[in-house]
Amino acid sequence: MATAAANIGHPSPPRGNRTRLGLLLVDEGFITPNQLREALRLQKDNPKNPDDYKYLGQILVEKKYIDADQLQYIMGKHDKNTRLGDILQRSGAISEQELEFALKEQKKSGNPLGEILQKKSLISEETMRQALSTQLNIPYIDLSRLNLDRNLTKIINRDYALRHNIIPISMTEGSITLAMDDPTNNEVVAELEMFTRLKINIVTSSRTSIHEAFKQLYPTATHSLEPNAIELNHEKTPDFTLDLEEEHPTSIGKPSYVEAHESKRADVLVQRIITWAIQQQASDIHLETLDKHMVVRFRIDGLLQEFDLGDLQDDINNFHREIISRIKIMGKLDIAEKRLAQDGSFRSRMKNKGEEANIDFRISVIPSYYGENIVIRILDSRRSPENIEHLGFSPLMTEKLIKLFNKNTGIILVTGPTGSGKSTTLQSGLLSAYRPGLKVLTAEDPIEYVHDHFMQCEINEKIGLTFASYIRVFLRHDPEIIMIGEIRDDETAEMAVRAAQTGHLVLSTLHTNESIGAITRLLGLGIDPNMITSSLMGVLSQRLARRVCPHCKGSYVPQEDLLKEFFAIPPTDINWVKGHGCQECNYTGFKGRIALAELWEPNQRDILLINKRAPMEDLKRSAANSTIPIIGEAIIKLQAGETTLEELIRILPYSFIEAYRQSQ
């Protein structure tokens, strides 16, 4: 078996510090003194031709006094691996001066000695490989002379052989012989021994021979062993380029051929996954590590979907560890840390049909039972929010919102659960409110879309940059409009309300299920009712419903029990439609999403009840007269054939549906 000669070509300790190999073998009980004397005699009687010179270990193995594993064990234990430079010099491949020159270059660059000698054209690849086989005590063979048995592909499948650049060349009872491009890769050897329960014998050959043998053994393989073997399908694919900064600092020195090969393949796979996600307009990519494979899912239209990735899935399974490492490097995370959660980000530039766009990616890594899982949030600048008119609300809702966001002072809140589009609506309102001559300051966590007319600041709680601290600073910068990403705590809530009371328009979000719930939330954060009523202009509560796919839209009749669940009296003025499933929508029947919202603008009676801390039920009954209900907006979308009854039942709180049914 190949041993830990991982530092191929690196100098060993001075000879004066090393005990002779033969005496070590005698001391360890592997050979007898008589066997040592016989081996030394044979070595002394070797022909003087340097090409025929044999090392003591080789002679002991040939005489079967010890086997290769025993020799490797002793050499690894006592650091007795013969130096590659000594082997090349003794064989006459290089001179002493050339060796000294290469060793100096190695000290400067840290690259393997064999690679330096090849680059300087001092030796050929075949010479280096033969010397390497001598150093590792493994055979160097010419694969072109062998007739390979294709039955061996049942032991080592194509993908595994492709991944590790190995070729099975023969098999006997209890053992299998492999030709390896990198014979020092002990992890592969140990892995194969564990899974095949066979003893692994290693040989090596030239890289070209290994490639040709691969084609002979796996004739149906569509891949080659070259690092750029994976070809992108450019049909409908944007010209996607990752614009990355410096690699992770833990990438020390130059990687080996195998490491460079796997890194290149992982890089291409990551690009293909991201390109696929952008094509499908996904908001998130979920990479979930399971037992010996990885599941890739895309959040599209708010739901996780799993696609048939074909051959790409096989590559992802084989390279899932390298994919995780590559993404962590892109996000400037610690690739050695596998026990703690990490967060990072990177940016890329996408070109498609002559258009360029920046795309930001937020990375979250968490450890799990089988390994690390990654979620990548995609922030595509092409999908950045537009003004309120483009959000698709009903004409009445759009008109009310435009008037609301054009107010000069007060606080406007957008509420809803996570993933309901609050931030998009908030920034759309900000764009509607903006006019030349106004100063707009935002505090966001994180900044998702960059706008030229706003001064945007990102939260960093580790260094004390919180929403509350930003509001204090903002007030000294003379703004007209302040946008706070989210009101999370009492300090932020108080500062936001005070800013609204002092003549600023403040926009923010809250996590509540309904618009009236904003009052309960603010009171729970310790805000005085009088401060709330003096500054609160309106609350928009929203949900996102999936839009019926226009490519496979067709008529249907909802199930009777669903109609009864939503309507006390089923309507007769709705032409029911649904998507029947097609390739464009991944056979889900939906493509894109629409916003449904309710808008509450407190009237005088609502303000009085809030100031009196009246029961919430009383406030709800009063607020019904000053609210555009979300159910009304949903019915409009049903009548327009934009969504389905099943989708409304899925996203709307049951209390809303029940209240609507009882009111009919």
Side-chain angles (χ1 to χ4, degrees), residues 242-245 248 270 274 277-278 281-287 298-299 302 327-334 340-350 357-366 373-386 413-431 434 440-474 477 479 481-489 491-493 495-496 506-511 544:
L242 294 179
D243 182 18
L244 302 178
E245 297 180 6
H248 196 278
V270 169
I274 293 176
I278 292 173
Q281 298 184 343
S283 61
D284 302 86
I285 304 170
H286 290 242
L287 304 172
F298 305 90
R299 188 172 293 280
I327 293 173
K328 290 170 75 173
I329 288 172
M330 291 160 62
K332 302 176 182 63
L333 304 179
D334 185 355
L340 301 176
Q342 299 186 72
D343 293 315
S345 63
F346 66 96
R347 169 175 285 191
S348 71
R349 179 175 293 277
M350 192 194 74
N358 288 325
I359 303 179
D360 290 301
F361 301 87
R362 310 287 176 176
I363 303 171
S364 177
V365 184
I366 60 171
N373 293 345
I374 293 181
V375 174
I376 304 174
R377 167 64 59 88
I378 303 173
L379 304 174
D380 190 342
S381 61
R382 299 173 303 164
R383 293 156 57 187
S384 61
E386 299 183 79
L413 298 174
V414 181
T415 70
T418 301
S420 59
K422 298 187 299 297
S423 296
T424 299
T425 299
L426 196 66
Q427 294 209 26
S428 297
L430 200 60
L431 289 167
Y434 175 76
V440 178
L441 302 178
T442 75
E444 304 173 56
D445 184 23
I447 297 174
E448 296 189 358
Y449 302 104
V450 178
H451 301 282
D452 294 337
H453 302 300
F454 309 152
M455 190 178 83
Q456 296 172 270
C457 306
E458 188 161 274
I459 298 301
N460 189 341
E461 294 184 354
K462 294 180 180 178
I463 59 175
L465 293 177
T466 63
F467 287 119
S469 64
Y470 267 126
I471 297 174
R472 290 193 189 92
V473 177
F474 285 174
H477 277 248
I481 303 175
I482 296 174
M483 195 269 276
I484 306 299
E486 182 185 348
I487 294 178
R488 298 175 178 171
D489 52 60
E491 185 180 12
T492 304
M495 292 299 300
V506 178
L507 313 179
S508 191
T509 69
L510 276 175
H511 281 92
L544 292 176

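Because the structure is a prediction, the values reported are computed rather than measured.
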Thr466 and Asp489, any side-chain heavy atoms less than 4.5 Å apart: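 Not in contact.
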4.5 Å side-chain heavy-atom contact, Ile363 and Phe346: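 Of all side-chain heavy-atom pairs linking Phe346 with Ile363, at least one is under 4.5 Å.
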I need the [X] [atom1] to [Y] [atom2] distance, nearest 0.5 Å.
X	Y	atom1	atom2	answer
Thr425	Leu430	OG1	CG	12.5 Å
Asp380	Asp360	CG	CG	9.5 Å
Ile374	Leu333	CD1	CG	8.0 Å

Taking every non-hydrogen atom, the tightest pair across [X] and [Y]:
X	Y	result
Ile471	Ala496	CD1-N, 3.9 Å
Gly421	Leu544	N-CD1, 3.8 Å
Thr492	Ile487	CG2-CA, 4.2 Å
Val473	His477	O-CD2, 3.3 Å
His511	Pro417	CD2-C, 4.2 Å

Stepwise side chain to side chain contact (heavy atoms under 4.5 Å, CB included) test for Asp445 and Arg488: CA-CA 12 Å; Asp445 184 23; Arg488 298 175 178 171; 2.8 Å; yes
Check against side chain to side chain contact (heavy atoms under 4.5 Å, CB included), Ile484 and Tyr470: CA-CA 9 Å; Ile484 306 299; Tyr470 267 126; 5.8 Å; no
Step-by-step side chain to side chain contact (heavy atoms under 4.5 Å, CB included) determination, Ser508 to Phe467: CA-CA 11 Å; Ser508 191; Phe467 287 119; over 6 Å; no
Counterpart residues, side-chain contact (heavy atoms from CB on, under 4.5 Å), relative to Gln456 (two or more places apart):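 Thr442, Glu444, Ile447, Val450, His451, Phe454.
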Residues in side-chain contact (heavy atoms from CB on, under 4.5 Å) contact with Ala282, at least two apart in sequence or another chain: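 Checked Ala282 against side-chain contact (heavy atoms from CB on, under 4.5 Å); matches are Ala277, Phe298, Ile300.
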Test salt bridge (charged side-chain N to carboxylate O under 4.0 Å, His left out) applied to Arg377 - qualifying residues, sequence neighbours left out: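 Listed in chain order: Asp284.
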Trace of the side chain to side chain contact (heavy atoms under 4.5 Å, CB included) decision for Met483 with Val440: CA-CA 8 Å; Met483 195 269 276; Val440 178; 5.6 Å; no
